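Residue numbers start at 1 and run along the sequence shown. The shown structure was predicted, so the numbers you read here are calculated from the model rather than taken from an experiment.
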Amino acid sequence: NDWLIDTLIPIIEGTRQRRRSIEAEWLLNYRAWQGWPSQQYTQQLPDGAIHYFIPHARRVIERNTTRITKLLIPSTEWFHTSAFDLDSHAQAEAVQSLMLFTYQNKIQAKRIISSLSRSLQLYNFPVLSTSAFIENNEVWPTQKDIDPFSFYIFPETASTINDCVLIFEDIIVPYQVYNSFVTEKSAE
């Protein structure tokens with residue numbers, strides 16, 4: 001157990017350190033998207049002119065996000081039935097209803113797609129976690145968009161998940177939760 005910790009901690013710390021310069025670039029993109037003025041914005045213009053700041057990056061990214069979401073959300077039926085197949089026609093409405101319920105309520109695809117497309121445009125690094133969960137003895141798919149600032153891969157040059165040696169996500173835990181784990185552990 002200690003060997004694993006001693007092996008992983010240097011890799012994790014090195015991955016975090018190497019990513020700082022990339023995150024600095026990401027923060028500049030986020031700053032432009034938020035519309036926060038830069039240093040040039042605060043400079044005095046000649047003849048007392050007023051300098052207006054228009055967040056062009058936000059307008060472009062949000063327009064592209066709307067277009068991408070519209071392209072990726074299906075607007076047609078989920079399937080096609082054969083012309084002479086009466087059984088599939090009878091089940092078509094039930095299948096359509098189930099797919100729409102899953103796509104809109106369980107996965108919340110529109111919110112996830114817009115978040116991932118925004119992350120793709122700002123950071124060129126969208127991260128999607130897909131899994132399944134059990135609710136009332138039913139298995140449902142679930143997807144979650146992950147903040148790219150807290151998601152790391154090693155080596156950084158890996159182009160697919162199969163090429164990664166280590167994948168980890170930094171999560172900030174509230175102090176109360178941390179304290180409850182520590183007090184439970186010390187009580188045992």
Side-chain angles (χ1 to χ4, degrees), residues 1 4 8 11-12 15-16 19 23 26 29-30 33-34 58 61-156 158-185 188:
N1 195 15
L4 183 63
L8 290 179
I11 294 172
I12 290 172
T15 303
R16 286 183 188 139
R19 186 76 171 257
E23 288 178 354
W26 288 357
N29 293 345
Y30 182 73
W33 178 75
Q34 281 288 81
R58 183 181 201 94
I61 288 173
E62 292 305 315
R63 184 177 60 225
N64 287 341
T65 299
T66 303
R67 289 177 180 169
I68 292 168
T69 304
K70 189 181 283 189
L71 285 171
L72 293 178
I73 298 287
S75 59
T76 60
E77 300 295 326
W78 288 89
F79 54 89
H80 295 286
T81 58
S82 299
F84 299 108
D85 185 10
L86 298 178
D87 292 333
S88 62
H89 284 286
Q91 298 296 324
E93 190 172 330
V95 171
Q96 178 69 16
S97 297
L98 175 66
M99 294 303 288
L100 281 175
F101 176 78
T102 303
Y103 206 66
Q104 292 174 351
N105 297 344
K106 294 297 180 178
I107 295 178
Q108 298 177 353
K110 187 172 184 175
R111 183 192 62 77
I112 289 176
I113 289 172
S114 65
S115 174
L116 291 174
S117 67
R118 195 173 291 113
S119 181
L120 177 66
Q121 294 174 76
L122 285 172
Y123 315 122
N124 200 22
F125 192 62
V127 183
L128 177 67
S129 171
T130 304
S131 60
F133 71 97
I134 300 172
E135 180 181 45
N136 300 328
N137 291 328
E138 298 173 336
V139 179
W140 293 100
T142 182
Q143 290 184 330
K144 178 177 86 165
D145 50 332
I146 297 175
D147 180 25
F149 285 93
S150 65
F151 187 80
Y152 297 87
I153 58 173
F154 177 80
E156 293 86 355
S159 57
T160 65
I161 294 288
N162 297 333
D163 297 340
C164 296
V165 175
L166 181 66
I167 299 173
F168 64 96
E169 181 181 1
D170 277 346
I171 300 173
I172 298 174
V173 179
Y175 180 73
Q176 292 82 7
V177 175
Y178 169 77
N179 197 23
S180 69
F181 287 138
V182 171
T183 54
E184 288 175 13
K185 190 75 167 174
E188 294 173 359

Please lay out, stage by stage, how Thr69 and Lys110 fare under the test side chain to side chain contact (heavy atoms under 4.5 Å, CB included).
CA-CA 7 Å; Thr69 304; Lys110 187 172 184 175; 3.9 Å; yes
Please identify each residue that fulfils ring pair (Phe, Tyr, Trp, His ring centres under 6.0 Å) with Phe168, with sequence neighbours left out.
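Once residues adjacent in sequence are excluded, the partners of Phe168 under the ring pair (Phe, Tyr, Trp, His ring centres under 6.0 Å) criterion are Tyr152.
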The criterion is ring pair (Phe, Tyr, Trp, His ring centres under 6.0 Å); which residues satisfy it with Phe125, sequence neighbours excluded?
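Listed in chain order: Trp26.
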Roughly how far, to the nearest 0.5 Å, is the [atom2] atom of [Y] from the [atom1] atom of [X]?
X      : Y      : atom1 : atom2 : value
Phe151 : Ser119 : CZ    : OG    : 11.5 Å
Asn64  : Ser114 : CG    : OG    : 13.0 Å
Leu8   : Thr15  : CG    : OG1   : 10.0 Å

Between [X] and [Y], what is the shortest heavy-atom contact and its length?
X      : Y      : answer
Ser129 : Ile146 : CB-CD1, 3.6 Å
Ile161 : Ile167 : CD1-CD1, 3.8 Å
Leu120 : Pro126 : CD1-CD, 3.7 Å

Taking only residues two or more places apart in sequence or in another chain, which ones pass side chain to side chain donor-acceptor pair (under 3.5 Å) with [X]?
X      : result
Arg16  : Glu13, Asp170
Asp163 : Ser159, Thr160
Lys106 : Glu135
Thr65  : Gln121

Please examine the side chains of [Y] and [X], heavy atoms only from C-beta on, and report whether any two atoms are closer than 4.5 Å.
X      : Y      : value
Trp33  : Arg118 : yes
Thr142 : Ile107 : no
Pro155 : Val165 : yes
Lys70  : Arg67  : no
Ile112 : Lys144 : no
Thr102 : Pro141 : yes
Ile11  : Leu166 : yes
Leu72  : Ile68  : yes

So, the side chain of Asn29 versus the backbone of Leu122: is there a donor-acceptor pair under 3.5 Å, distance only?
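Checked: pair present.
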Looking at Phe133, I'd like to know if its CZ atom is crowded, meaning that more than 12 non-hydrogen atoms belonging to other residues, nucleotides or ligands lie closer than 6.0 Å.
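Yes, the 6.0 Å shell around CZ holds more than 12 heavy atoms from other groups.
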List the steps and the verdict of side chain to side chain contact (heavy atoms under 4.5 Å, CB included) for Ile73 and Ile113.
CA-CA 8 Å; Ile73 298 287; Ile113 289 172; 3.7 Å; yes
Taking only Lys NZ, Arg NE, NH1 and NH2, and the carboxylate oxygens of Asp or Glu, determine whether Glu62 and Arg58 approach each other closer than 4.0 Å.
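No.
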Less than 6.0 Å separating the ring centroids of Trp140 and Phe101?
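Yes.
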